[in-house]
Amino acid sequence: MNDPSFAVSRSIDAPVARVWDAWRDPDQIRRWWGPQGFTGTTAEVDFREGGTTLVGMTMKDGPEFFNTWTYTTIIDHDRIEFTSRFADETGAEIDPARMGMPPGVPKEVRHVVTFKEHGEGTELTVEEFDYEPGPMLEQSRTGQEQVMDNIAALFAAT
């Protein structure tokens with residue numbers, strides 16, 4: 001596997017088992033999925049190697065955007081690897097260019113999510129692969145930073 005395009009980490013104030021569940025539980029995914037200004041709307045979860053989760057998000061009064069996460073590796077309470085693709089509401093893949101996305105948005109983005117005990121909490125890291133250097137990589141990094149903030153806030157509130 002080549003080097004990630006970027007990695008984002010957060011120290012989460014919850015044990016690994018609880019943070020792990022936030023990646024499997026549809027209700028929790030809807031609470032943290034999406035960057036600033038978006039609300040998670042859909043989470044149809046098939047959390048197993050070879051399974052695919054459909055997630056959706058929307059801006060106020062805006063269209064709903066969907067992605068699929070197809071899991072390639074799941075190591076319980078340690079690591080999740082999946083490939084993300086743009087999709088329609090049924091989970092059918094959509095080419096990002098057809099959605100009006102600018103050049104530089106890959107059709108597939110590999111993700112590696114790792115969970116490490118950190119004191120009584122969890123060090124959560126998400127690595128994204130397959131971006132070329134440029135504005136779309138930076139936009140994706142910013143979005144992932146905001147998603148990780150949402151996950152941290154989810155546990156800060158409980």
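What you are looking at is a predicted structure, and each value in this text was computed from that prediction instead of being measured.
The shortest side-chain heavy-atom distance between I94 and M101 does not fall under the 4.5 Å cut-off. The shortest distance between side-chain heavy atoms of F38 and Q146 does not fall below 4.5 Å. Within the 4.5 Å cutoff, the side chain of R141 has no heavy atoms near those of the Y131 side chain. For the pair W33/N150, no side-chain contact is recorded, criterion being any heavy-atom separation below 4.5 Å from C-beta on. When side chains are defined from C-beta on, P106 does not count as touching F129, because their heavy atoms never get closer than 4.5 Å. Residues F66 and T68 fail the side-chain proximity criterion, which asks for heavy atoms closer than 4.5 Å. Side-chain contact check for F155 versus R18: some heavy-atom pair is nearer than 4.5 Å. For the pair E128/S84, no side-chain contact is recorded, criterion being any heavy-atom separation below 4.5 Å from C-beta on.
At a threshold of 4.0 Å, the pair E145-R10 counts as salt-bridged, since one of the basic side-chain nitrogens sits closer than that to a carboxylate oxygen. Comment: R24 engages D21 in a salt bridge, judged by a side-chain N to carboxylate O separation of less than 4.0 angstrom.
A donor-acceptor contact shorter than 3.5 Å is absent between the side chain of D13 and the backbone of A156. Between the side chain of E49 and the backbone N or O of I74, at least one donor-acceptor pair lies under 3.5 Å.
The number of heavy-atom neighbours closer than 6.0 Å to CD of Q36, taken from other residues, nucleotides and ligands shown, is 12 or below. Atom CD of E108 sits in a crowded spot, with more than 12 heavy atoms from other residues, nucleotides or ligands closer than 6.0 Å. Around atom CD of E138, more than 12 heavy atoms belonging to other residues, nucleotides or ligands sit under 6.0 Å away. By the neighbour-count criterion of 12 heavy atoms within 6.0 Å, atom CE of M59 is sparsely surrounded, having that number or fewer from other residues, nucleotides or ligands.
Note that the CD1 atom of I151 and the CD1 atom of I29 stand 9.5 Å from one another [nearest 0.5 Å].
No side-chain N or O of T39 forms a donor-acceptor pair with one of T58 less than 3.5 Å apart.
In this structure, V45 is not a member of the same hydrophobic cluster as I75, with clusters built from ILVMFWY side-chain heavy atoms closer than 4.5 Å.
In this structure, W23 has its ring center no closer than 6.0 Å to that of Y71.
Among the candidates T53, T83, T52, the single residue satisfying the side chain to side chain donor-acceptor pair (under 3.5 Å) test with T70 is T52.
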### Criterion side chain to side chain contact (heavy atoms under 4.5 Å, CB included) on T42 and V55, from CA distance to verdict
CA-CA 5 Å; T42 300; V55 291; 5.9 Å; no
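In terms of heavy atoms, A17 sits closest to H77 at CA-CD2, 3.4 Å.
Contacts of A97 classified as side chain to side chain contact (heavy atoms under 4.5 Å, CB included), with partners at least two apart in sequence or in another chain: D95.
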